[in-house]
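Report on the structure given below.
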Amino acid sequence: MTASRGLAFAKLFVTDLDRSAEFYRAGLGLEPAQRFATPEFDELVLRARDGGGSLVLCRWKDGRALDRGNAHGPVGFVVGDVDSTYAACCAAGAAALFPPSAYGPARVAIFRDPDGHSVEILNPGGAAPQTK
């Protein structure tokens, strides 16, 4: 058996690639890296400047409705400052679900992106709010 080398990407289906790309750029600093087009769908690969896995945004070309279901949790991102990142995401159009809070030694927050996908941001050692 071959061992995994780590998570390569998470894929979210969205209704508007450009709107979603701008949301993830403004809120989380993700930048477009590659774009793919097929007859059935368009994909946009977003990456953080410091590397790691990718977030792939995908849009069906036939206009089908998106069904998120209930069999998955949020897509998670580690951030340096949960409070300011949460504020930036809300300013970019996120719907607040769980405001920045201590969760053991971590600080976490959860929101929904413009298509309703749950996103969790966390700082594993940042239980106390960041001060400036």
Determine, using the 4.5 Å side-chain heavy-atom cutoff (strictly less than), whether [X] and [Y] are members of one ILVMFWY cluster.
X      : Y      : value
Val14  : Leu28  : yes
Tyr103 : Leu122 : yes
Val75  : Tyr86  : yes

*Could you tell me whether the side chain of Ser54 and the main chain of Val56 form a donor-acceptor pair under 3.5 Å?*
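Such a contact is absent between Ser54 side chain and Val56 backbone.
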_Strictly distance-based, threshold 3.5 Å: is any side-chain N or O of Asn123 a donor or acceptor partner for the main-chain N or O of Gly80?_
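Yes, Asn123 side chain to Gly80 backbone: donor-acceptor pair under 3.5 Å.
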Say you draw a straight line from [atom1] of [X] to [atom2] of [Y]; how long is it, rounded to the nearest 0.5 Å?
X     : Y     : atom1 : atom2 : answer
Arg25 : Glu31 : CZ    : CD    : 7.0 Å
Arg47 : Leu30 : CZ    : CG    : 11.0 Å
Phe9  : Leu55 : CZ    : CG    : 10.5 Å

Side chains of [X] and [Y] in contact at under 4.5 Å (non-hydrogen atoms):
X     : Y      : answer
Leu12 : Asp113 : yes
Glu43 : Gln34  : no
Leu46 : Pro32  : yes

*Please state whether the rings of Tyr24 and Phe77 are parallel, tilted or perpendicular, taking 30° and 60° as the class boundaries.*
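The arrangement is tilted - the two ring planes meet at 30° to 60°.
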*Go through Asp83 and Arg107 one step at a time and tell me if the side-chain contact (heavy atoms from CB on, under 4.5 Å) criterion holds.*
CA-CA 9 Å; Asp83 295 79; Arg107 190 150 184 84; 2.7 Å; yes
What pair of heavy atoms forms the shortest contact from [X] to [Y], and how long is it?
X     : Y      : result
Cys58 : Leu17  : N-CD2, 4.0 Å
Phe23 : Cys89  : CE1-O, 3.5 Å
Ala88 : Ala26  : CB-O, 4.1 Å
Ala96 : Cys90  : CB-SG, 4.4 Å
Ala21 : Leu57  : N-CD1, 3.7 Å
Val82 : Val108 : CG1-C, 3.9 Å

*Phe98 CZ: over 12 foreign heavy atoms closer than 6.0 Å*: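 Atom CZ in Phe98 is packed in, count exceeds 12.
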*Among all residues two or more places apart in sequence or in another chain, which pass the side chain to side chain donor-acceptor pair (under 3.5 Å) test with Arg35?*
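Arg35: side chain to side chain donor-acceptor pair (under 3.5 Å) contacts with Asp18.
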*Does the distance from a Lys or Arg side-chain N to an Asp or Glu carboxylate O, for Arg19 and Glu22, drop under 4.0 Å?*
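Looking at Glu22 together with Arg19, the answer is no, because their closest N to O distance does not fall below 4.0 Å.
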*Run the side-chain contact (heavy atoms from CB on, under 4.5 Å) check on Asp115 and Phe13 step by step: do they pass?*
CA-CA 8 Å; Asp115 281 294; Phe13 284 85; over 6 Å; no
*With sequence neighbours left out, what residues match Arg112 under salt bridge (Lys or Arg N to Asp or Glu O under 4.0 Å)?*
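Checked Arg112 against salt bridge (Lys or Arg N to Asp or Glu O under 4.0 Å); zero matches.
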